[in-house]
Amino acid sequence: MESEDSTRSLNFIEQKIEADIAAGKHSGQVHTRFPPEPNGYLHIGHAKAICVSFGLAQKYGGKTNLRFDDTNPEKESVEYVNAIREDIAWLGFEWNGGEFYTSDYFQQLFDFACKLIGKGLAYVDDQSAEQIASQKGAPGTPGTNSPFRERTPEENLRLFEEMKAGQCQEGERVLRAKIDMGHDNMLLRDPVIYRVKFVEHHRTGNDWVIYPMYDFAHGQSDSIERISHSLCSLEFENHRPLYNWFIRALDIYPSEQTEFARLNLNYTIMSKRKLLRLVEEGVVDGWDDPRMPTISGLRRRGYTPESIRLFADRIGVAKRNNTIDVSLLEWSLRDDLNRRAPRVMAVLNPIRLVVLNYPEGQTEMLITVNNPEDEAAGTREIPFGRVLWIEADDFRVDVNKKWFRLAPGRMVRLKSAYIVEYVDHIEDEHGNVTEVHVNYIPNSRSGQDTSGVKPKGTLHWVAADQAEEAEVRLYDRLFREASPEADGDFMDALNPNSLKILKGCKVEPSLSTAEVGTIFQFTRLGYFNLDSKYSTPGSPVFNRAVTLKDGWKG
RNA sequence: UCCCCGAUGGUGUAAUGGUAACACACCGGUUUUUGGUGCCGUUUUUCCAGGUUCGAGUCCUGGUCGGGGAACCA
């Protein structure tokens, strides 16, 4: 897919990989990993990271591991593990290197820590978190050594064993790497690498009461799995020296970390904590609300895996911070769906259209193509009769020359059917048009039109007698501000009109057998799919994934 | 205040010392039984100052601006 143009330029990671392969580094193999913490749902930002790590391994004939980075049992759960697995698989990636858990390595990591202690490179500190923090110093100001820094390896080993055995309270003691309290990089000022937590872990239960910190787990896990290219986001740049320090001190497989810029999208928030707030405060209908940037939300909305991969491909990979326009995401979906979504007709805001010169009680079946972009999609039959539903927006009384739709004195084509000409219309007491009367031109039938009439506008429609009722949900962006987090509370930037529910919509009869997962183009309206949560047999609910691009400026 | 990273149209990404290009967005034209799609085109770009070089977006020096960095989170 992405290799169809082999002359395409490489991003900086591809360049590094190709240089590594050429130099025979890591035996010329590419082995990546995707390491989520199972403490929340994956979002479109993760999708980029997934496409990068899995995609690069794929491109270079390598493998990718899925590794759950589960070193903090307080926040993690099996529910998240399962959701993450489902989302990655749905995106179309296979963790062909295997599925792993950092918690699988708890014993090995413990042994690594003992090795460090033995080399005099780690010590048990009895101070409180506050004391340790105050000794850190500040950027530009060196820290001060802990009074426990010079304990002997024997004493440290004994105390560390005690920590492991549950003989220390939480916060009583920690294990720290012994590096340099004056280092320019704050992370190297004797970082805490093990802490006591009497918390049940979703996989190891109560086997452990000490848990390794991220920095003491991640690089070593990469190394254990013989990951060649460990790709992560820019925020970990400052961790790389530590990552390398542990690998060198332990003398283990030299995995290498490379950082790239994470995805930012305008009109969107990406922070797990803030997304959680939307869910908890009921602003949205769960993690998979179709307005959420989560993968499950995008899926329910009608996004396809292909469109998300295409998007990831288009935004590229680099080291500078970026904010991508959501319109690129939307374009990716349209581009994918335009090629393969079956076209159907649906009327969202129906008014009656009566064809006065069409025989009462008569119905005829008309042939229409399923997808003009794809001949192989074939054709289907749709019923036509004297009374139809058309869109209220498609009729107006006062119009100018840029109006192509129906109006007094105007003719329009009914899609795949006949050309009709305005006769008169009925308004209710508020002046709203409720019914339009037309005559049809019998020899203007689609495909066998000998009328010679060329109306500018084509309307979608549904035969009233055969129409099915449906609910349709129209979504708009969740935030009205391009940068919802820029100033003040992001909750203030919420778009109050992000969801509009339409009831009593009329859809063509073929939609009665629609299934979740098939995404349709409602002609002239956009792409829609059956909502996986609220649809029931007999009362379908459709989500609008994205509108069609609207070139009409009238 | 110290360390790390970055800076190319409106937004992203390329150009690997040799004509600044591609996509999205925007605007216009054209095709069209979807005001969709397709096709064609317009507009808009190398942070600043020096230096090296026949030649600098690219290399060097200095600056400016932006991002990240001190959790017993990942």
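Chain letters run A, B, ... following the sequence lines, proteins first, then strands; residues in each count from 1.
When the P atom is compared between B:A25 and B:G38, the two are found 10 Å apart, to the nearest whole Å. Nucleotides B:G9 and B:U46 place their C1' atoms 10 Å apart, quoted to the nearest Å. Using P as the reference atom, B:C48 and B:U34 are 48 Å apart when rounded to the nearest Å. When the C1' atom is compared between B:A21 and B:U58, the two are found 15 Å apart, to the nearest whole Å. Rounded to whole Å, the separation between the P atoms of B:G41 and B:C22 comes to 10 Å. Rounded to the nearest Å, the gap between the P atom of B:G12 and that of B:G36 is 28 Å. A distance of about 12 Å separates the P atoms of B:U19 and B:A56, rounded to the whole Å. Here the separation of B:C47 from B:G6, taken at their C1' atoms, is 12 Å to the nearest Å.
Checked against side-chain hydrogen bond (donor to acceptor under 3.5 Å, both in side chains), A:Thr32 has the following partners two or more places apart in sequence or in another chain: A:Thr64. Under the ring-ring contact (aromatic ring centres under 6.0 Å, His included) criterion, A:His202 pairs with no residue at all, not counting sequence neighbours. Evaluation of the salt bridge (charged side-chain N to carboxylate O under 4.0 Å, His left out) rule for A:Arg477 yields no partner, not counting sequence neighbours. Looking at residues two or more places apart in sequence or on another chain, you find a ring-ring contact (aromatic ring centres under 6.0 Å, His included) between A:Tyr440 and A:Tyr358, A:Tyr418. Residues passing the side-chain hydrogen bond (donor to acceptor under 3.5 Å, both in side chains) test with A:His239 are A:Asp215, sequence neighbours excluded. Residues passing the salt bridge (charged side-chain N to carboxylate O under 4.0 Å, His left out) test with A:Arg149, sequence neighbours excluded: A:Asp190. The side chain to side chain contact (heavy atoms under 4.5 Å, CB included) search around A:Val369 returns A:Pro372, A:Thr379, not counting sequence neighbours. Residues meeting the side-chain hydrogen bond (donor to acceptor under 3.5 Å, both in side chains) test with A:Tyr211, sequence neighbours left out: none.
For A:Lys136, the listed nucleotide lying nearest its side chain is B:A70; candidates were B:G35, B:A70, B:G36. In the set B:U34, B:A74, B:A14, B:U34 carries the atom at the smallest distance from any side-chain atom of A:Gln521. Checked against B:C72, B:U34, B:A14, the side chain of A:Ile132 finds its nearest nucleotide in B:C72.
Near RNA chain B, meaning a heavy atom under 4.0 Å away, the residues from residues 193-201 of chain A are A:Arg195, A:Lys197.
There is no side-chain donor-acceptor pair under 3.5 Å between A:His183 and A:Arg189. Side-chain polar atoms of A:Ser146 and A:Asp125 form a donor-acceptor pair below 3.5 angstrom. Between A:Asp70 and A:Ser103, the side chains place a donor N or O and an acceptor N or O closer than 3.5 Å (distance only, hydrogens not considered).
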Please write out each protein N/O paired with an N/O of nucleotides 21-25 of chain B under 3.5 Å, distance rounded to 0.1 Å.
from  : atom 1 : to       : atom 2 : distance (Å)
B:A23 : O2'    : A:Arg314 : NH1    : 3.2

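For the pair A:Arg176 and A:Tyr123, the cation-pi test (distance below 6.0 Å, angle within 45°) is failed. A cation-pi contact, defined as under 6.0 Å to the ring centre and within 45° of the axis, links A:Lys164 to A:Phe110. A cation-pi arrangement is absent between A:Arg334 and A:Trp331 under the rule of less than 6.0 angstrom and at most 45 degrees off the ring axis.
Among the heavy atoms of the strands, none lies under 4.0 Å from A:Arg339. Residue A:Glu373 is classed as a base contact, given a heavy-atom separation below 4.0 Å to a base. Nucleic acid contact class of A:Gln135 (heavy atoms, under 4.0 Å, all strands): none. Among the protein residues, A:His239 comes within range of the nucleic acid bases, having at least one heavy atom under 4.0 Å from a base atom. If you check every strand for non-hydrogen atoms under 4.0 Å, A:Phe236 touches a base. Using a 4.0 Å heavy-atom criterion, one finds that A:Val192 contacts the sugar-phosphate atoms exclusively. Using a 4.0 Å heavy-atom cutoff across all strands shown, A:Pro372 reaches at least one base atom of the nucleic acid. A:Gly137 comes within contact range of at least one nucleobase, with a heavy-atom separation under 4.0 Å. Here A:Asn11 lies in heavy-atom contact (under 4.0 Å) with sugar-phosphate atoms only. Across all strands shown, A:Gly457 has no heavy atoms under 4.0 Å from either base or sugar-phosphate atoms.
Residue A:Tyr214 contributes atom OH, which lies 15 Å from atom C1' of B:A71 at whole-angstrom precision. One atom, CG of A:Asn322, and another, P of B:G66, lie 18 Å apart when rounded to the nearest Å. What separates NZ of A:Lys415 from C1' of B:U32 is a distance of 9 Å, to the nearest Å. Distance, A:Arg262 CZ to B:G12 P: 16 Å, rounded to whole Å. If you measure from atom CD of A:Glu170 to atom C1' of B:A71, you get 15 Å, rounded to the nearest angstrom. Taking atom CZ of residue A:Arg189 and atom P of nucleotide B:A70, one finds them 12 Å apart after rounding to whole Å. Between the P atom of B:U33 and the CG atom of A:Leu414 lies a distance of 15 Å, rounded to the nearest Å. Look at CD1 on A:Ile315: it is 12 Å from P on B:A14, rounded to the nearest Å.
Proximity of A:Arg524 to the phosphate of B:G35: a side-chain N or O atom is located under 4.0 Å from OP1 or OP2. Distances shown here put every side-chain N or O of A:Thr71 at or beyond 4.0 Å from the OP1 or OP2 atom of B:C73.
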Paired and unpaired positions of RNA chain B as dot-bracket, Watson-Crick or G-U wobble under 3.5 Å, | denoting a partner strand: .((((((..((((....[..))))..((((.......)))).....(((((..]....))))))))))).....
Full working for ring pair (Phe, Tyr, Trp, His ring centres under 6.0 Å) between A:Tyr80 and A:Phe68: CA-CA 10 Å; A:Tyr80 294 126; A:Phe68 291 98; over 10 Å; no
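With hydrogens and angles left out, the side chain of A:Thr323 and the base of B:U11 share no donor-acceptor pair within 3.5 Å. In terms of polar N and O atoms assigned as donor or acceptor, the side chain of A:His183 never comes within less than 3.5 Å of the base of B:A70 in a complementary pairing.
A salt bridge between A:Glu508 and A:Arg380 is present, with a side-chain N of the basic residue lying under 4.0 Å from a carboxylate O of the acidic one. Taking the charged nitrogens against the carboxylate oxygens, A:Arg309 and A:Asp313 have no contact shorter than 4.0 Å, which rules out a salt bridge.
If A:Ile324 and A:Trp403 are placed on RNA chain B by their nearest nucleotide, the residue sitting closer to the 5' end is A:Ile324.
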Per-nucleotide protein contact string for nucleotides 1-6 of chain B (B base, S sugar-phosphate only, - none; heavy atom under 4.0 Å): BBSSSS
